[in-house]
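Quick note: numbers below take in every heavy atom, side chains included, and nothing from hydrogens, waters or symmetry partners.
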Amino acid sequence: FIAQCRQALTQIEQAEIQLQDTQAGLRGIIRITSVGGIFGERYVAPAIISFMAKHPDVHITLDFSSKHHNLIQENYDMAIRMGPLEDSSLVARQLCRYRPTLVASPCYLKRYGEPDSPEALASHRLIAGSLNIWHFKQEKQAVEVPVHSQLHCANGHIMLAACEAGQGIARLPSQYVDKAIAQGRLCALLKPWHQEYSPCHIVFPPGRFRSQRVKALVEALEAHFKGV
């Protein structure tokens, strides 16, 4: 009986959502939780602002805390997440892929030397985000490095600033560090070792995609990220 009540409430909610979207164009609230920092500010925010300009009756609630919220229990319409996804009942759409790059500043390398293998990272100061293990590949050889970080912070701005200040070796998406490498502020490390591309996804509860405003935002984000 409880399951039937829940199903009925869900159907009522979906009917209300569809009614909102079909009356005078897209309208209503979209609640989003997203990875923040450099990625959120540089790539996610401009896409959402552009979408709002086209659909002025849609209201956005945007959480850049990078926390993995329970979308159903906390009533979020969608999440934007970096890295491999856990198995779940959520629907996922891949937005883009990014290549992790291992970097350090010239002043750090002058003081501590440059690691010549993934295993050598164990004796270095590391700056880490959400991952506790870094994966490296070279031809058929694969190495997993447990990360014992000097600085642990799931914020790309802070990780990048600490790395440029010589506080350690960081593993960051290439989009974050390419400019600093080109300008000589950072050096790429362990180049012979391949680091696999990681995905970035939009995820949402299955029923939420029936909302025309959510569907329209997903399509706008996919179009925006084609060039990323």
Side-chain angles (χ1 to χ4, degrees), residues 34-47 64-68 79-86 94-201 224-228:
S34 172
V35 60
I38 296 174
F39 187 86
E41 294 171 17
R42 189 180 296 176
Y43 301 107
V44 177
F64 267 169
S65 66
S66 297
K67 180 182 176 182
H68 274 221
I80 298 175
R81 293 175 176 168
M82 299 178 76
L85 295 176
E86 299 176 357
Q94 183 171 301
L95 281 179
C96 64
R97 298 190 308 160
Y98 61 94
R99 178 174 56 84
T101 303
L102 203 68
V103 290
S105 68
C107 64
Y108 175 89
L109 297 176
K110 184 177 180 180
R111 182 175 180 180
Y112 294 100
E114 182 174 345
D116 58 4
S117 68
E119 292 87 350
L121 293 171
S123 60
H124 279 269
R125 296 167 63 93
L126 303 181
I127 299 168
S130 57
L131 296 180
N132 297 318
I133 297 177
W134 291 349
H135 298 267
F136 298 88
K137 285 187 177 181
Q138 187 180 50
E139 296 178 353
K140 295 183 179 180
Q141 186 179 3
V143 177
E144 292 184 351
V145 177
V147 179
H148 304 287
S149 54
Q150 195 75 19
L151 171 64
H152 179 87
C153 179
N155 183 290
H157 285 296
I158 296 173
M159 293 176 66
L160 182 59
C163 190
E164 290 191 12
Q167 293 306 306
I169 295 173
R171 181 182 182 271
L172 289 163
S174 57
Q175 295 98 321
Y176 291 18
V177 299
D178 283 346
K179 185 176 180 180
I181 292 172
Q183 294 176 345
R185 303 197 311 272
L186 292 176
C187 302
L189 307 177
L190 299 180
K191 292 181 181 179
W193 288 87
H194 172 66
Q195 298 185 71
E196 292 185 347
Y197 280 84
S198 292
C200 174
H201 290 93
H224 177 82
F225 273 86
K226 281 184 178 179
V228 174

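Looking at heavy atoms from C-beta onward, Met82 lies in side-chain contact with Pro173 at the 4.5 angstrom threshold. Residues Leu109 and Leu189 meet the side-chain proximity criterion, which asks for heavy atoms closer than 4.5 Å. Side-chain contact between Cys163 and Tyr176: absent, with no pair of heavy atoms (C-beta onward) separated by less than 4.5 Å. A 4.5 Å side-chain heavy-atom check between Cys200 and Tyr43 finds every atom pair outside the cut-off. Considering only heavy atoms from C-beta on, Trp193 stays 4.5 Å or farther from Leu102 through its side chain.
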Passes side-chain contact (heavy atoms from CB on, under 4.5 Å), Ile169 versus Tyr112? Steps please.
CA-CA 10 Å; Ile169 295 173; Tyr112 294 100; over 6 Å; no
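Counting only residues at least two apart or on different chains, no salt bridge (charged side-chain N to carboxylate O under 4.0 Å, His left out) pair has a member in residues 113-129. Applying the ring-ring contact (aromatic ring centres under 6.0 Å, His included) definition to pairs two or more places apart or across chains, those involving residues 116-141 are Tyr108-His124. Pairs passing the salt bridge (charged side-chain N to carboxylate O under 4.0 Å, His left out) check and including a residue from residues 99-109, sequence neighbours excluded, do not occur. Screening residues 165-175 for salt bridge (charged side-chain N to carboxylate O under 4.0 Å, His left out), with sequence neighbours left out, gives no hits.
Rounding to the nearest 0.5 Å gives a distance of 9.5 Å between SG of Cys96 and NE2 of His201. Taking CD of Glu144 as the reference point, atom NZ of Lys137 lies at 10.0 Å (rounded to 0.5 Å). Rounding to the nearest 0.5 angstrom, the gap separating the CD atom in Gln195 from the CG atom in Leu190 is 7.5 Å.
Across Met159 and Ala128, no two heavy atoms sit closer than the pair CE-C, 3.7 Å. The two residues Gly166 and Cys107 come nearest to each other via the heavy atoms CA-SG, 3.7 Å. Taking all atoms of both residues into account, the shortest heavy-atom contact from Cys187 to Pro106 is SG-CG, 4.0 Å.
Qualifying side-chain contact (heavy atoms from CB on, under 4.5 Å) partners for Val177, counting only residues two or more places apart in sequence or in other chains: Thr101, Val103, Leu160, Leu172, Ile181, Leu186.
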Please tabulate, one pair per line, all N/O donor-acceptor pairs under 3.5 Å involving side-chain atoms of residues 147-155, not counting sequence neighbours.
| residue | atom | partner | partner atom | Å |
| --- | --- | --- | --- | --- |
| His152 | ND1 | Gly129 | O | 3.2 |
| His152 | NE2 | Gly129 | O | 3.3 |
| Asn155 | OD1 | His157 | N | 3.0 |
| Asn155 | OD1 | Ile158 | N | 3.1 |

